[in-house]
Undergrad: 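Structure incoming, see below.
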Amino acid sequence: MKIRTIISAALGFSLPGSICAHDSRAQTVTKNFEATIPNISGKSLIAVEVDYAPGAASPPHTHAKSAFIYAYVISGAIESKVNDSGTRIYRAGESWSESPGALHSISRNASKTEPAKLLAVFVLDTNDSQLTTPSN
(Lines give C-alpha, C1' and ligand atoms only; values in the text may rest on other atoms or scores of the structure.)
Protein backbone atom coordinates (compact mmCIF):
# COMPACT_ATOMS: atom_id res chain seq x y z
CA MET A 1 0.00 0.00 0.00
CA LYS A 2 1.38 3.43 -0.92
CA ILE A 3 2.23 5.94 1.80
CA ARG A 4 -0.30 8.51 0.50
CA THR A 5 -3.02 5.81 0.64
CA ILE A 6 -2.13 4.99 4.25
CA ILE A 7 -2.10 8.65 5.20
CA SER A 8 -5.43 9.26 3.49
CA ALA A 9 -6.96 6.14 5.00
CA ALA A 10 -5.78 7.05 8.48
CA LEU A 11 -8.23 9.91 8.66
CA GLY A 12 -10.64 9.01 5.90
CA PHE A 13 -9.53 11.83 3.58
CA SER A 14 -7.89 11.94 0.19
CA LEU A 15 -6.19 15.33 0.46
CA PRO A 16 -2.44 15.59 -0.25
CA GLY A 17 0.08 16.85 2.33
CA SER A 18 -1.33 18.43 5.45
CA ILE A 19 -4.89 17.64 6.31
CA CYS A 20 -7.02 20.60 7.40
CA ALA A 21 -9.04 20.33 10.58
CA HIS A 22 -12.39 21.97 11.29
CA ASP A 23 -10.76 25.24 12.29
CA SER A 24 -8.37 25.33 9.29
CA ARG A 25 -5.33 24.48 11.40
CA ALA A 26 -3.26 21.64 10.01
CA GLN A 27 -2.70 18.11 11.19
CA THR A 28 -0.30 15.81 9.46
CA VAL A 29 -0.53 12.01 9.37
CA THR A 30 2.60 10.01 8.58
CA LYS A 31 2.91 6.25 8.19
CA ASN A 32 5.32 4.92 10.81
CA PHE A 33 5.12 1.16 10.19
CA GLU A 34 3.18 -1.49 8.26
CA ALA A 35 3.46 -5.30 8.27
CA THR A 36 1.37 -8.42 8.10
CA ILE A 37 1.36 -10.36 11.36
CA PRO A 38 2.98 -13.69 10.51
CA ASN A 39 1.45 -15.72 13.34
CA ILE A 40 -2.10 -14.33 12.96
CA SER A 41 -3.45 -15.25 9.55
CA GLY A 42 -5.17 -12.40 7.72
CA LYS A 43 -4.12 -9.67 10.18
CA SER A 44 -1.85 -6.66 9.74
CA LEU A 45 -0.41 -3.94 11.94
CA ILE A 46 -0.30 -0.34 10.72
CA ALA A 47 1.11 2.52 12.81
CA VAL A 48 0.65 6.19 11.98
CA GLU A 49 1.83 9.36 13.70
CA VAL A 50 -0.64 12.23 13.87
CA ASP A 51 0.94 15.66 14.38
CA TYR A 52 -1.60 18.22 15.54
CA ALA A 53 -0.88 21.92 15.18
CA PRO A 54 -2.04 24.04 18.13
CA GLY A 55 -5.85 23.88 18.24
CA ALA A 56 -6.11 21.31 15.41
CA ALA A 57 -8.78 18.59 15.42
CA SER A 58 -9.74 15.49 13.46
CA PRO A 59 -13.30 15.38 12.16
CA PRO A 60 -15.53 12.78 13.90
CA HIS A 61 -14.92 9.34 12.39
CA THR A 62 -15.47 5.62 12.82
CA HIS A 63 -12.72 3.06 12.61
CA ALA A 64 -12.53 -0.01 10.40
CA LYS A 65 -14.85 -2.73 11.68
CA SER A 66 -11.88 -5.09 12.18
CA ALA A 67 -9.48 -2.51 13.70
CA PHE A 68 -8.33 -2.66 17.31
CA ILE A 69 -6.43 0.58 18.00
CA TYR A 70 -3.76 1.40 20.56
CA ALA A 71 -3.21 5.18 20.86
CA TYR A 72 -0.18 6.70 22.61
CA VAL A 73 0.48 10.40 23.17
CA ILE A 74 4.08 11.11 22.18
CA SER A 75 4.05 14.82 23.06
CA GLY A 76 1.60 17.47 24.17
CA ALA A 77 -1.97 16.62 25.15
CA ILE A 78 -4.82 15.07 23.15
CA GLU A 79 -8.51 15.44 23.99
CA SER A 80 -10.45 12.31 23.02
CA LYS A 81 -13.95 10.85 23.21
CA VAL A 82 -14.63 7.32 21.96
CA ASN A 83 -18.13 5.81 21.76
CA ASP A 84 -20.13 6.63 24.91
CA SER A 85 -17.11 7.20 27.15
CA GLY A 86 -16.53 10.59 28.70
CA THR A 87 -14.26 13.17 27.11
CA ARG A 88 -10.73 12.86 28.47
CA ILE A 89 -7.40 14.63 28.02
CA TYR A 90 -4.41 12.31 27.60
CA ARG A 91 -0.93 13.75 28.17
CA ALA A 92 2.47 12.66 26.83
CA GLY A 93 3.17 9.10 27.97
CA GLU A 94 -0.49 8.15 28.41
CA SER A 95 -2.41 5.74 26.18
CA TRP A 96 -5.80 4.19 25.51
CA SER A 97 -7.39 1.62 23.22
CA GLU A 98 -10.35 1.66 20.86
CA SER A 99 -12.52 -1.31 19.93
CA PRO A 100 -13.22 -2.37 16.35
CA GLY A 101 -15.78 -0.08 14.69
CA ALA A 102 -15.45 2.58 17.42
CA LEU A 103 -16.91 6.05 16.91
CA HIS A 104 -14.25 8.67 17.64
CA SER A 105 -16.34 11.82 18.06
CA ILE A 106 -13.55 13.98 19.53
CA SER A 107 -9.85 13.82 18.68
CA ARG A 108 -7.98 17.08 18.99
CA ASN A 109 -5.00 18.90 20.37
CA ALA A 110 -5.97 20.04 23.86
CA SER A 111 -3.70 23.10 23.55
CA LYS A 112 -4.31 26.21 21.48
CA THR A 113 -0.62 27.20 21.75
CA GLU A 114 1.49 24.00 21.72
CA PRO A 115 1.68 21.17 19.13
CA ALA A 116 0.81 17.56 20.03
CA LYS A 117 1.76 14.19 18.55
CA LEU A 118 -0.11 10.87 18.73
CA LEU A 119 0.94 7.36 17.65
CA ALA A 120 -2.02 5.24 16.52
CA VAL A 121 -1.40 1.50 16.07
CA PHE A 122 -4.06 -0.42 14.15
CA VAL A 123 -4.36 -4.22 14.24
CA LEU A 124 -6.85 -5.10 11.53
CA ASP A 125 -7.82 -7.46 8.75
CA THR A 126 -5.16 -7.26 6.04
CA ASN A 127 -7.80 -6.55 3.38
CA ASP A 128 -9.29 -3.56 5.27
CA SER A 129 -8.02 -0.69 3.15
CA GLN A 130 -9.72 2.27 4.88
CA LEU A 131 -8.66 2.78 8.48
CA THR A 132 -11.34 5.38 9.23
CA THR A 133 -14.49 6.79 7.71
CA PRO A 134 -15.78 10.32 8.41
CA SER A 135 -19.02 10.42 10.43
CA ASN A 136 -21.94 12.59 9.46
Side-chain angles (χ1 to χ4, degrees):
M1 199 175 249
K2 293 181 181 178
I3 290 174
R4 178 163 279 154
T5 303
I6 292 294
I7 291 169
S8 298
L11 291 175
F13 293 106
S14 57
L15 300 175
S18 293
I19 298 170
C20 294
H22 289 156
D23 58 7
S24 299
R25 295 183 191 144
Q27 64 182 356
T28 304
V29 180
T30 307
K31 181 176 127 178
N32 181 285
F33 182 82
E34 178 180 10
T36 57
I37 302 173
N39 61 337
I40 307 175
S41 180
K43 294 291 183 180
S44 290
L45 185 143
I46 299 172
V48 296
E49 290 181 9
V50 183
D51 287 289
Y52 289 96
S58 299
H61 54 275
T62 57
H63 291 292
K65 299 235 182 272
S66 70
F68 175 80
I69 297 114
Y70 167 74
Y72 177 81
V73 181
I74 296 169
S75 62
I78 303 291
E79 185 174 5
S80 180
K81 177 176 173 48
V82 179
N83 292 331
D84 294 328
S85 69
T87 302
R88 180 167 170 202
I89 295 177
Y90 296 90
R91 304 198 185 285
E94 295 183 315
S95 61
W96 70 94
S97 65
E98 299 179 24
S99 299
L103 169 63
H104 205 156
S105 58
I106 297 173
S107 181
R108 64 178 159 233
N109 186 341
S111 173
K112 302 283 187 213
T113 59
E114 299 295 322
K117 182 183 276 193
L118 170 73
L119 175 69
V121 179
F122 291 73
V123 176
L124 70 163
D125 290 347
T126 300
N127 61 0
D128 262 350
S129 60
Q130 189 161 345
L131 300 179
T132 64
T133 303
S135 299
N136 292 332

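Given the structure is predicted, the values throughout are model-derived calculations rather than measurements. What you see below is based on every heavy atom in this structure, not just the backbone, and it leaves out hydrogens, waters and symmetry mates.
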Undergrad: Is there a side-chain contact between K43 and D125 in this structure, where contact means two heavy atoms from C-beta onward sitting under 4.5 Å apart?
TA: yes

Undergrad: Are side-chain heavy atoms of V73 and R91 found at a separation under 4.5 Å?
TA: no

Undergrad: Within the distance-only criterion (no hydrogens, no angle test), does the side chain of T126 pair as donor or acceptor with the backbone N or O of G42 below 3.5 angstrom?
TA: yes

Undergrad: A92 and S75: which non-hydrogen atoms are nearest, and at how many Å?
TA: CB-CA, 3.9 Å

Undergrad: Roughly how far, to the nearest 0.5 Å, is the CG atom of L45 from the CG atom of N32?
TA: 9.5 Å

Undergrad: Assign the ring pair Y70 / Y72 to parallel, tilted or perpendicular, where the plane angle (0 to 90°) is split at 30° and 60°.
TA: parallel

Undergrad: Can you tell me how far NZ of K81 sits from OG of S107, rounded to the nearest 0.5 angstrom?
TA: 13.0 Å

Undergrad: Ignoring hydrogens, what is the shortest heavy-atom contact between P54 and N109? Give both atom names and the distance.
TA: CA-ND2, 3.6 Å

Undergrad: So Y52 and S58, do their side chains get closer than 4.5 Å, heavy atoms only?
TA: yes

Undergrad: Kindly state each residue pair satisfying salt bridge (Lys or Arg N to Asp or Glu O under 4.0 Å) with at least one member in residues 61-73, sequence neighbours excluded.
TA: none

Undergrad: If two hydrophobic side chains count as joined below 4.5 Å and joins carry through other members, does V82 share a cluster with V123?
TA: no

Undergrad: Quick check for you: to the nearest 0.5 Å, what is the distance between E98 atom CD and T62 atom OG1?
TA: 11.0 Å

Undergrad: Report the distance from atom CZ of F122 to atom OG1 of T132, rounding to the nearest 0.5 Å.
TA: 6.5 Å

Undergrad: With rounding to the nearest 0.5 angstrom, report the OG to CD1 distance, S44 to I37.
TA: 6.5 Å

Undergrad: Supply the atom-to-atom distance H63 NE2 to D128 CG, rounded to the nearest 0.5 angstrom.
TA: 12.5 Å

Undergrad: If two hydrophobic side chains count as joined below 4.5 Å and joins carry through other members, does F33 share a cluster with V121?
TA: yes

Undergrad: Where is the tightest heavy-atom contact between L119 and A47, given as atom of each residue plus distance?
TA: CD1-CB, 4.1 Å

Undergrad: Are V50 and F68 joined in one hydrophobic group, where the rule is that I, L, V, M, F, W and Y side chains link up if heavy atoms are under 4.5 Å apart?
TA: no

Undergrad: Taking atom CG of D84 as the centre, report whether more than 12 heavy atoms of other residues, nucleotides or ligands fall under 6.0 Å from it.
TA: no

Undergrad: Do any N or O atoms from the side chain of S111 and from the backbone of T113 form a donor-acceptor pair under 3.5 angstrom?
TA: yes

Undergrad: Taking the six-membered ring for Trp, are H104 and H61 parallel (under 30°), tilted (30 to 60°) or perpendicular (over 60°)?
TA: tilted

Undergrad: Is there a side-chain contact between S85 and N83 (heavy atoms, below 4.5 Å)?
TA: no

Undergrad: Looking only at non-hydrogen atoms, find the nearest pair between S95 and Y90 and report the distance.
TA: O-CE2, 3.8 Å

Undergrad: Side chains of I106 and S80: closer than 4.5 Å at any heavy-atom pair?
TA: no

